[in-house]
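Here is the structure we will look at.
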Amino acid sequence: MTDMSDTSVKSPAGQRAERSATASMTYAAFLIAGLAFLVVAPAFFYPIFLMKLLCFALFACAFNLLLGYTGLLSFGHATFFGGAAYFTAHAVKEWGFPPELGVLTGVIGAALLGLVMGYVAIRRQGIYFAMITLALSQMFFFFCLQAEFTQGEDGIQQVPRGHLFGFIDLNSSTNMYYFVLAVFVIGMVIIWRFINSPFGMILKSIRENEARATSLGYSVARYKLGAFVMSAALAGLAGGVKALVFQFATLTDVAWQMSGEVILMTLLGGIGTLIGPIFGAGLVVTLQNYLATSDFPVTIITGVVFMICVLVFRRGIVGEFYASWIGRKLGFEYRR
């Protein structure tokens, strides 16, 4: 008799497990290759450009935590990015804080701003939520314009980088780059752990069907607020580090255009994907950097690239790769 347990046909659960294992191995290979590239990148690219890219990549990933995994579109994330830049710059320059405490001050300040803004905004959904975040962000912009500690239109200039932990001189571009890289990796690990935790699973259920999540007994408002504050804190981490990299904090960091840029980066890379915003940020920052000295208008070129990606890559660059035949073979469809 034939042993029915010995069959060449795998169950759906077995197929999912196999593809999940394949995806994990592929992710590990990509992560190792990506980290190796970032470690040696200063030998081939300008360190300031790389540091700017890493800061905005972390900013975009923090924003994607709210949009891609919770389904909340915020037009006010410049508040947390720029606010943390101001807090860090002021703490380091005026209070004499070391860089690590200065960045921590920026993160705490951004988290508090996120708590206040989120508490007000999450009471509404959809376009109303987006408009409330935009309105509150503009209020913070005008506060920064008038506040004494922000120094108005001049911004906070000549921010000292100082010495990390008292002995690592961040005035060295090499030391500063590896500090930014370490912060970026830590931020990405936090995001990965957050979205793969039970809390993150509940956020995805809220994104897919908020009414069902409510019927299951989850306090949707509390989970949304938690995601909002976490996203704000990570955006603040990016903004605080950016203030040290460029040694200034200005109104540009809190303007509504900055919120638009991070939305653009996330959409180009692919919402709801872990590494999509990194690719989107890399594309936008690279265009801004290499077209800045040319005769081509950067905003028009960026707009054309955005239109092409919207028409051709409806899920974003990384999202389309995940949905492609190669992506499905690598198991990425189970990692969204």
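Contact annotation: the side chain of M188 approaches that of L274 to within less than 4.5 Å [non-hydrogen atoms, C-beta and beyond]. By the 4.5 Å heavy-atom criterion applied to side chains, F87 and L113 are counted as neighbours. Between R212 and S205 there is no side-chain heavy-atom pair separated by less than 4.5 Å. In this structure the side chain of P47 never reaches within 4.5 angstrom of the side chain of T174, judged on heavy atoms. Taking 4.5 Å as the limit, some side-chain heavy atom of I48 sits within range of a side-chain heavy atom of F246. Using a 4.5 Å heavy-atom threshold, the side chains of C144 and Y86 count as touching. The shortest distance between side-chain heavy atoms of I186 and L237 does not fall below 4.5 Å. Annotation: side chain of L136 is not in contact with side chain of T79 (no heavy-atom distance under 4.5 Å).
Linking ILVMFWY side-chain heavy atoms closer than 4.5 Å, directly or via other members, places L73 and Y119 in two distinct hydrophobic clusters.
With hydrogens and angles ignored, the 3.5 Å screen pairs no side-chain donor or acceptor of R161 with any backbone N or O of P99. Judged by distance alone, with hydrogens and angles left aside, the side-chain atoms of N64 form no donor-acceptor pair with the main-chain N or O of T266 at under 3.5 Å.
Within a 6.0 Å radius of CD in E153, other residues, nucleotides and ligands contribute 12 heavy atoms or fewer.
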Practice prompt. Assess whether ring-ring contact (aromatic ring centres under 6.0 Å, His included) is satisfied between F80 and F228, documenting all intermediate values.
Written response: CA-CA 11 Å; F80 317 126; F228 199 98; 5.7 Å; yes

Worksheet item: Between Y69 and F199, does a ring-ring contact (aromatic ring centres under 6.0 Å, His included) hold up when you go through it step by step?
Response: CA-CA 11 Å; Y69 293 97; F199 192 96; over 10 Å; no

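Closest approach of F165 to E100, counting heavy atoms only: N-OE1, 3.3 Å. Listed here is the closest heavy atom pair of L65 and F194: CD1-CD2, 3.4 Å.
Taking the six-membered ring wherever Trp is involved, the centroid distance between the rings of Y46 and Y177 does not fall below 6.0 Å.
For residues 227-247, the pairs satisfying salt bridge (charged side-chain N to carboxylate O under 4.0 Å, His left out) are K242-D253, with sequence neighbours left out.
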